[in-house]
Amino acid sequence: MESFGCCDYIVVLNEKTSVRLFRVFKRWIKQRIGKEHYNTKPTLNFLKYNIKWVLEFDDMKKELFKELNSYGEKVKIFSNSDEAWEFASRKY
C-alpha cells in the first residue's frame, strides 16, 4: 500500500465485533425512524449486508495486520475510539 509509506501514522481502530454489530443495528434503527440521514435506504437487505461485512472483516483483519507489520512504529492500533481520539489529539 503505497500511501501508507507516506503517512506519519497508520491508525487502526480494532473495536470488538460486538461493539461494531451494536453500532450497525443502532445506526440502522436511527435511519429507519428518520433520526439519521442515509445515502442508501435502510432495508433489511442493507442491514444483512452490513452484518455480513462486520463478520467478514474479522477474517480480513488478520491479513491486514500481517501486512501492517512491515510499517513498524507507524502503526498504532487502538481498541476503542476514545483511545484513537486521544492519540490524534496529542499528536495533532
Side-chain angles (χ1 to χ4, degrees):
M1 298 182 198
E2 188 178 320
S3 61
F4 284 176
C6 301
C7 298
D8 293 334
Y9 298 101
I10 301 166
V11 176
V12 179
L13 187 56
N14 187 23
E15 296 270 11
K16 291 180 182 179
T17 303
S18 59
V19 170
R20 290 183 284 129
L21 284 171
F22 174 77
R23 289 178 179 168
V24 164
F25 279 110
K26 181 178 168 184
R27 177 169 289 130
W28 184 78
I29 290 168
K30 282 183 169 184
Q31 291 171 349
R32 292 285 293 188
I33 63 175
K35 290 203 173 202
E36 186 174 300
H37 176 73
Y38 54 87
N39 294 324
T40 305
K41 190 172 181 178
T43 62
L44 282 175
N45 275 341
F46 186 73
L47 176 62
K48 182 177 143 184
Y49 173 79
N50 279 283
I51 291 169
K52 183 180 178 211
W53 186 87
V54 166
L55 298 175
E56 287 176 351
F57 180 71
D58 286 338
D59 294 332
M60 296 180 340
K61 189 167 55 172
K62 295 168 191 163
E63 193 63 35
L64 173 66
F65 285 1
K66 189 190 289 185
E67 279 186 48
L68 290 176
N69 278 337
S70 64
Y71 295 97
E73 294 296 313
K74 282 184 164 189
V75 179
K76 305 297 180 194
I77 300 173
F78 301 100
S79 60
N80 64 60
S81 53
D82 290 338
E83 291 175 354
W85 182 254
E86 183 181 326
F87 171 78
S89 297
R90 279 194 325 266
K91 294 294 179 179
Y92 301 99

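Everything quoted here is computed from the prediction, not taken from an experiment. When reading the values below, keep in mind they use all heavy atoms of this one structure, side chains included, and skip hydrogens, waters and symmetry mates.
Looking only at side-chain heavy atoms (C-beta outward), Asp58 and Arg20 come within less than 4.5 Å of each other. Counting heavy atoms from C-beta on, the side chains of Ile51 and Phe25 come closer than 4.5 Å.
Rounding to the nearest 0.5 Å places CG of Asn50 at 11.0 Å from CG of Leu55. Going from atom CG of Leu64 over to atom CG of Asn14 covers 9.5 Å, rounded to the nearest 0.5 Å. The line from CG of Asn80 to CD of Glu86 is 9.5 Å long, rounded to the nearest 0.5 Å. Remark: Glu36 CD to Lys26 NZ distance equals 9.0 Å, nearest 0.5 Å.
The cluster map of Ile, Leu, Val, Met, Phe, Trp and Tyr, joined by side-chain heavy atoms under 4.5 Å apart, puts Val19 and Met60 in different clusters. Cluster annotation: Val24 is not connected to Phe22 through the hydrophobic network of ILVMFWY side chains, with a link wherever side-chain heavy atoms come within less than 4.5 Å. With hydrophobic clusters built from ILVMFWY side chains whose heavy atoms lie under 4.5 angstrom apart, Ile10 does not share a cluster with Phe78.
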message = Before you tell me yes or no, could you show the steps for Phe65 and Val75 under side-chain contact (heavy atoms from CB on, under 4.5 Å), namely the whole-Å CA-CA distance, both residues' side-chain angles and the distance that decides it to 0.1 Å?
response = CA-CA 9 Å; Phe65 285 1; Val75 179; over 6 Å; no
request  = Evaluate the criterion ring-ring contact (aromatic ring centres under 6.0 Å, His included) for residue pair Phe46 and Tyr38; output intermediate values, then yes/no.
outcome  = CA-CA 11 Å; Phe46 186 73; Tyr38 54 87; 8.7 Å; no
Audit row: Phe4, Leu68, side-chain contact (heavy atoms from CB on, under 4.5 Å) steps and yes/no = CA-CA 9 Å; Phe4 284 176; Leu68 290 176; 3.5 Å; yes
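Between Tyr49 and Trp53, the gap from one ring centroid to the other reaches at least 6.0 Å.
The two atoms that bring Trp28 and Thr43 nearest to each other are NE1-O, 3.0 Å, heavy atoms only. Nearest heavy atoms, Arg32 versus Pro42: CD-O, 2.8 Å. The shortest non-hydrogen separation linking Arg23 to Ser81 is NH2-OG, 4.0 Å. Minimum interatomic distance between Leu13 and Ala84 (heavy atoms only, all atoms of both residues): CD1-CB, 4.4 Å. Across all their heavy atoms, Gly5 and Lys74 have their closest contact at O-NZ, 2.7 Å.
The environment of CZ in Arg27 is sparse: at most 12 heavy-atom neighbours from other residues, nucleotides or ligands sit within 6.0 Å. Around NZ of Lys61, the count of heavy atoms belonging to other residues, nucleotides or ligands within 6.0 Å exceeds 12. With a 6.0 Å radius and a threshold of 12 heavy atoms from other residues, nucleotides or ligands, Lys30 has its NZ atom at or below the threshold. Other residues, nucleotides and ligands contribute over 12 non-hydrogen atoms within 6.0 Å of the CZ atom of Phe87.
Using bins of under 30°, 30° to 60° and over 60° for the plane-to-plane angle, the ring pair Tyr92/Tyr9 lands in the perpendicular bin.
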